[in-house]
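Here the structure comes first, spelled out in structure tokens, and everything after it is commentary.
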Amino acid sequence: MSQAAFKVEQALGHGDSATTQQDVTNPAYTKGAADPSGEKMKALVWMGKNKVEVVEAPKPTLMEPRDVIVKVTGSTVCGSDLHLLHGAVVELQKGDILGHEFCGIVDEVGTEVTNLKKGQRVVASFQIACGSCYYCKQKLSSQCEKTNANTLANAMYGSRTAGMFGYSHFTGGFAGGQAEYTRVPYGDVNLLPLPDNVPDEKGLYLSDVLATSWHAVVDTGVKKGDTVAIWGAGPIGQMAAEFALYNGAKRVIMIDQNWRLDYMKEKYPHLDTLDFSKLGKGESVTSKLREMCDNRGPDVSIECVAGEYAKGWAHYFEMMLGLETDTSEIINEMITSTRNFGSCGITGVYVGFTNHFNVGSLMERGIRLIGNGQAPVHLYWEKLLKMIQEGKIDPLTMVSHRVRLEDLDKVYYKFENKEDGMQKVYVQTKWSAPPAEGSPSLTTY
Amino acid sequence: MVAKNLGAKLAETVLGHGDQDRATHTDISNPDREGGQYADLSGEKMKAMVWMAKNDMRIVEASKPTLVDDHDVIVRVTGSTVCGSDVHLMHGVVVQVEKGDILGHEFCSIVDTVGPAVSHLKVGERVVNSFVVSCGECSFCKQNLTTACERTNASTVQEMLYGSRTGGIFGYSHFTGGYAGGQAEYVRVPIGEQSLLKLPGSVPDEKGLYLSDVLPTSYHSVSDTGVYEGDCVAIWGLGPMGLMACFWAFRKGAKRVIDIDKNWRTEYAKSKIPGLETINFSGGEYVKSWTHRVELSLSLEQDISEMVNECIMSTRKFGRVGIIADYTGYWKELLQLVESGQVDPTIMLTHRITMDDIAKSYYAQEKQSNGLVKCYVETRFSAPRAEGTQELTSL
């Protein structure tokens, strides 16, 4: 389905709104994309539904005057990469290099890049922004109008998001950072220099997790004294909990199951948890949250789960039969649990359409339902970098494993199955510095 | 639909009402229910508009209601109207409506009798209701979020469907507390001092009536969704709500207001709101005249289903979409605006009718026929027609 969708895209043609080249997802497949030296590199590519592989690919070369080639020293895997693995995000092609979170060292700069030098340590934002359009001027980099010309996305959504690294042709088709080198279009805008006192193991997560979880909290609107419920105790949910407290929440309740809740309790003893797999007969997440919150429900709810995972059979079958692309179960749970006139934020990835949405509960009870959107990293990353420097946040609280790029395909499957207590990984390459203090030691597979 | 309605009633019977901590007697949707114990002892009768079955609306004779709780007020109705949302009741789409329920949640009136706990309202005073029944004391009421009142609605079915209940609403089925409504000659108003607003002599009924619902709800939709100076606003629907929302959007500083609807409603709206742009989507014109994406700052709409998707897709990224909800926290502010002439609710008033024609007006509203936007329903208690307002007509 994913590959067929891209064939349709190719037949329809892109719009002409993009100002940077689209669909360069592996230097091997695009003329002029491979480094003339012929140097090769390792890269993690999508090979079909549920199949990723570490392969050899050509090192990328500069293609546009504002490009930067980054030598990757660290990357990771995202929950949203799993949607790619599953083929839930359309328009992937065999051989597409994945990965939208990476840090590294500037290796080459295009002729128009004046603010970066070879050898500088940098982290990339997961989105590719041009820096000068209507949205970029407001630092809403995730909605840049110039970096994604995808026609299908435009038709489905009304308008497109910005281009993204390693996230299929649906988002512009850019080779990702789960590799040894990555070409960064508009590198002068999309790379943030990392100071010496911020090691890669912390700086890396400015690419996505830290900005996304921070944005979820401030965009949904957590106020001082609020009780906040968060669905999904993955890295995003975990950091959202921290940031909710940082922004004045009186109480945070995490909803999940199995070791993830134990992990949370161990890191944050003052958090409340709700194990949805252990509810009693006649109980629901909604009834339990009501009970826990003055018979009223939390003030703010944030969903960090995604639409891909059906809880019950009805939605499981509907998705399988293509009657919907996302389940509405978690969103409905959020809506019915939240107190009247409260706010709900959707941060987990949803891609298309859903059935059985409880619009009655939303409308009658005045629930604010906010699509948090792909987070505008550029709006927050300087501030978040400062918070890391000042020790106000420590991204290492979510990093459970250090792994090698060579093992990344195996890691995808372990991450998907939530094995080994794998919360978030740090992926080293042959260019990486030795592990920084506080980061986990290497695990090989 | 009917089966679902009956099913809901059964479910409620099995589940039981939420009896805890109600601020008033709920579910007296007609004074003649439960053996007539809620009927006035004088035996006086009144005309009332009741729901008899799906699409079967009738004027019947009912008993005048009596005081039940100490804070009740009985009012003599001088004007009421029909709402777009009443049409949903007619269709049986709102579960828990029962045969014989008196409808109507917008009415202006004169105080007839007051309960012993009522001190700030006197017999003979002119008042308008709020469509919501609220206690004034719970944590939501204290924040003026009266539609979220926790103590005026005991519907268990609503609680199960939505997660928690809304406050009670006049004439809107047992789903929202089962209160008898104002499309009648008398109404029992629970918690009268909270639910009624006094109308000054300078505000005629034909204007004051719409403080019950249309004015605060349309104002809230604009205020809550957030319209700021310079915004470009799109509004779906040009019934009374949409029309007034256009007015408020301009008042809040919108640079452009675009309303989307079909047939004669777009022309009517443009004649009442200077500067309004419209898209008339009937007959495929919508597709023809909208070939490029319009950047819209925010969208307001009022008719759910596929329109929500249309709103979402049309709005610019990181923009705002509002689905009109109910709210009445703005009463005093809005009364002042009506009094000073800064807002004229009669821009939506197209017909004045008697109670005998209420049923017909439901169908006219449903079919958007007769050029009906909003009506004023007079009763035998009404004052003479205010100057400048519609003359009496029949449908």
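Every heavy atom of this structure was used, including side-chain atoms; hydrogens, water molecules and symmetry mates were not. Below, chains carry the letters A, B, ... as their sequence lines are ordered, and counting in each starts from 1.
- In this structure, the side chain of R290(A) engages the main chain of G163(B) through a donor-acceptor pair within 3.5 Å.
- Considering only heavy atoms from C-beta on, E150(B) comes within 4.5 Å of R296(A) through its side chain.
- Open room surrounds NZ on K255(B); 12 or fewer heavy atoms of other groups in view lie less than 6.0 Å from it.
- The minimum heavy-atom distance linking F318(B) with N372(A) is given by the pair CE2-O, 3.5 Å.
- Heavy atoms closer than 4.5 Å to chain B are found nowhere in S337(A), neither backbone nor side chain.
- Residues F341(A) and Q143(B) fail the side-chain proximity criterion, which asks for heavy atoms closer than 4.5 Å.
- A distance of 11.0 Å separates CD in E159(B) from OG1 in T336(A), rounded to the nearest 0.5 Å.
- Within the 4.5 angstrom heavy-atom criterion, no atom of F357(A) approaches chain B.
- Minimum interatomic distance between I323(B) and M363(A) (heavy atoms only, all atoms of both residues): CG2-CG, 3.8 Å.
- The shortest side-chain heavy-atom distance between K317(B) and Y134(A) does not fall under the 4.5 Å cut-off.
- Of the atoms belonging to S142(A), it is side-chain heavy atoms, and not backbone ones, that fall under 4.5 Å from chain B.
- Heavy atoms only, all atoms of each residue included: M313(B) and A155(A) are closest at CE-O, 3.3 Å.
- Here the closest heavy-atom approach between residue E364(A) and residue T166(B) is recorded as O-CG2, 3.4 Å.
- The salt bridge (Lys or Arg N to Asp or Glu O under 4.0 Å) check on D224(B) picks up R368(A), with sequence neighbours excluded.
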